[in-house]
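Reviewing the structure listed below.
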Amino acid sequence: MPIQIPHWRPEAPLQKLTLPWLEAAGVELACLRLDLVDPLVSGNKWFKLAPYLEQAAAIGAQGLISLGGAHSNHLHALAAAGQRFGFESVGLLRGEVQQTPTVDDLQRMGMQLHWLGYGGYRARHQPDFWTPWLARYVGFQVVGEGGLGLQGARGCSCLLAMAEAQLADIGWPDFDAWWLAAGTGTTLAGLLLAEQRRQVFGAQAVPSGHGVASQVATLLNEAGASGRSFQLIEAARAGFARLDEPLHQFILETEQASGVPLEPVYTGKALMALRDFCKSGQLARGSRLIFIHTGGLQGRRALMGASADYTQV
Ligand SMILES: *Cc1c(COP(=O)(O)O)cnc(C)c1O
């Protein structure tokens, strides 16, 4: 059965966040909680996925096929959307067969899984990579790794209006800047397509040299918006998806102080980078920022080790 367009436009709540280092710097922060839009179809991945789903429905696709790692937030959101909205999903996984909590969920949510090994996964950018998969899964729509692409970006542009609509609720006449984690930079690019005047900071969860800046520039170019400026902040610390002890401590302390759950790959690193930015006096006193909580909490279970007491699934 072809995919139906899901008529679901979730709104993420905007909440004020108080933490001692924010007060010390005289900075006010509000958090746009994309992690709260749904327990399963969660975070920025839903917003990146929505335009692909609409396109898939418009062309009468039979299902969606994508790829990712054994902790992938993207595959998790795709599988959950498939289960929720009744379409088939296929996930091509990096590496050798392993059973992570994420993989358990993908199977339970009915996603067809194929393990590509590492070499097989590296071949994903080759022009004929998808041919055998689309011969096997006829009529399926391909979604790029992590929802990368202009379509994915466009799905995130609504975050600006979503936050602005809630400013009065938290007593803010306006705010000065955005702060969010960047992996592929798709979410950042989507925000920039809508944001005309405020500063946008992207805390890079991948080491510099992974091309985030050029990816964002390419997306903006494709959209005819190449003039937009943004600032990337180094936040990868020990490397992508690596958890060091100061980060571990920061996450536990911040969760306890704020009540907002974080995970170590993106949101924990992004917020810690903001703390360091505040501490080094780079934000004027009286600044108001919105931090986008991009979700990813399903990955927290496997990645926080013994302290993984917060589980959302
Ligand atoms: C995927 C992901 C990101 C990165 O988003 P991009 O659009 O690829 O930059 C940030 N935060 C979380 C929790 C994610 O899962």
Side-chain angles (χ1 to χ4, degrees), residues 12 31-38 40-52 66-81 94 102 105 143-159 178-194 200-208 210-220 223 230-236 240-241 243 247 251 260-274 291-304 310 312-313:
C31 185
L32 188 63
R33 300 281 308 270
L34 305 191
D35 59 312
L36 292 180
V37 297
D38 185 85
L40 290 173
V41 192
S42 171
N44 65 339
K45 296 303 184 289
W46 163 255
F47 293 91
K48 295 205 276 186
L49 205 53
Y52 286 100
S66 192
L67 21 72
H71 301 286
S72 169
N73 295 328
H74 165 64
L75 289 183
H76 199 270
L78 177 58
R94 178 177 56 231
T102 305
D105 285 351
V143 183
E145 196 178 26
L148 171 69
L150 185 55
Q151 259 175 308
R154 288 220 160 98
C156 299
S157 296
C158 64
L159 299 178
W178 295 88
W179 192 279
L180 72 157
T184 64
T186 304
T187 307
L188 176 82
L191 184 62
L192 278 166
L193 291 180
V200 179
F201 293 99
Q204 288 192 90
V206 294
S208 24
H210 276 63
V212 178
S214 65
Q215 260 156 213
V216 174
T218 302
L219 291 169
L220 292 176
F230 57 97
Q231 193 173 336
L232 292 178
I233 305 293
E234 175 56 55
F240 180 65
L243 173 63
L247 174 64
I251 289 174
V260 177
L262 299 167
E263 48 68 54
V265 183
Y266 295 103
T267 51
K269 280 183 180 172
L271 203 55
M272 194 170 179
L274 175 59
F291 170 61
I292 303 182
H293 191 312
T294 40
L297 295 172
Q298 68 83 26
R300 190 189 191 287
R301 297 166 293 180
L303 301 171
M304 284 288 281
Y310 177 87
Q312 220 190 8
V313 181

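All figures in this text were calculated on a predicted structure; none of them were measured in a lab. Values below: all heavy atoms of this structure, side chains included; hydrogens, waters and symmetry mates excluded. Both ligands and their constituent atoms are indexed starting at 1 by order of listing.
The protein heavy atom nearest to atom 8 (O) of ligand 1 is Thr184 OG1, 2.6 Å. Closest to atom 12 (C) of ligand 1, if we only count protein heavy atoms, is Tyr266 CD1, 3.2 Å. Among all non-hydrogen protein atoms, the one lying nearest atom 4 (C) of ligand 1 is Gly183 N, 3.4 Å. Atom 1 (C) of ligand 1 has as its closest protein heavy atom Lys45 NZ, 1.5 Å. Nearest protein heavy-atom contact of atom 5 (O) of ligand 1 is Asn44 ND2, 3.0 Å. Counting protein heavy atoms only, atom 13 (C) of ligand 1 is closest to Gly295 O, 3.2 Å.
The backbone N or O of Leu49 sits nowhere less than 3.5 Å from a side-chain atom of His74 that would complete a donor-acceptor pair.
Between Asp105 and Arg301 there is a salt bridge, since at least one side-chain N of the basic residue sits less than 4.0 Å from a carboxylate O of the acidic one.
Side-chain contact, Thr184 with Gln215: no donor N or O sits under 3.5 Å from an acceptor N or O.
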| request: Could you please spell out the steps behind the side chain to side chain contact (heavy atoms under 4.5 Å, CB included) verdict for Phe47 and Leu34? | output: CA-CA 9 Å; Phe47 293 91; Leu34 305 191; 3.9 Å; yes
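Considering backbone and side-chain N/O of Gly185, one or more are found under 3.5 Å from N/O of ligand 1. For the pair Thr187 and ligand 1, the shortest N or O to N or O distance falls below 3.5 Å.
The Ala182 neighbourhood of ligand 1 comprises atoms 9 (O), with distances under 4.0 Å to a heavy atom of that residue. Taking a cut-off of under 4.0 Å to the non-hydrogen atoms of Gly296, the atoms of ligand 1 that pass are 13 (C). Counting the atoms of ligand 1 from 1 in the order shown, those under 4.0 Å from a heavy atom of Thr186 are 6 (P), 7 (O), 9 (O).
Contact annotation: the side chain of Leu193 approaches that of Leu150 to within less than 4.5 Å [non-hydrogen atoms, C-beta and beyond].
If you look at Thr294 next to ligand 1, the close heavy atoms, those under 4.0 Å, come from the backbone and the side chain alike. With a 4.0 Å heavy-atom cut-off, ligand 1 is reached by the side chain of Lys48 but not by its N, CA, C or O.
Contact annotation: Gly43 has no heavy atom less than 4.0 Å from any atom of ligand 1.
Contact detail for Gly185 and Leu219: the closest heavy-atom pair is O-CD1, 4.3 Å. When all heavy atoms of Ala205 and Tyr266 are compared, the closest pair comes out as CB-CD2, 3.6 Å.
Two rings, from Trp179 and Phe201, have their centers less than 6.0 Å apart.
Considering Gln298, Glu263, Lys45 as possible partners of Asn73, the one that fulfils the side-chain hydrogen bond (donor to acceptor under 3.5 Å, both in side chains) test is Gln298.
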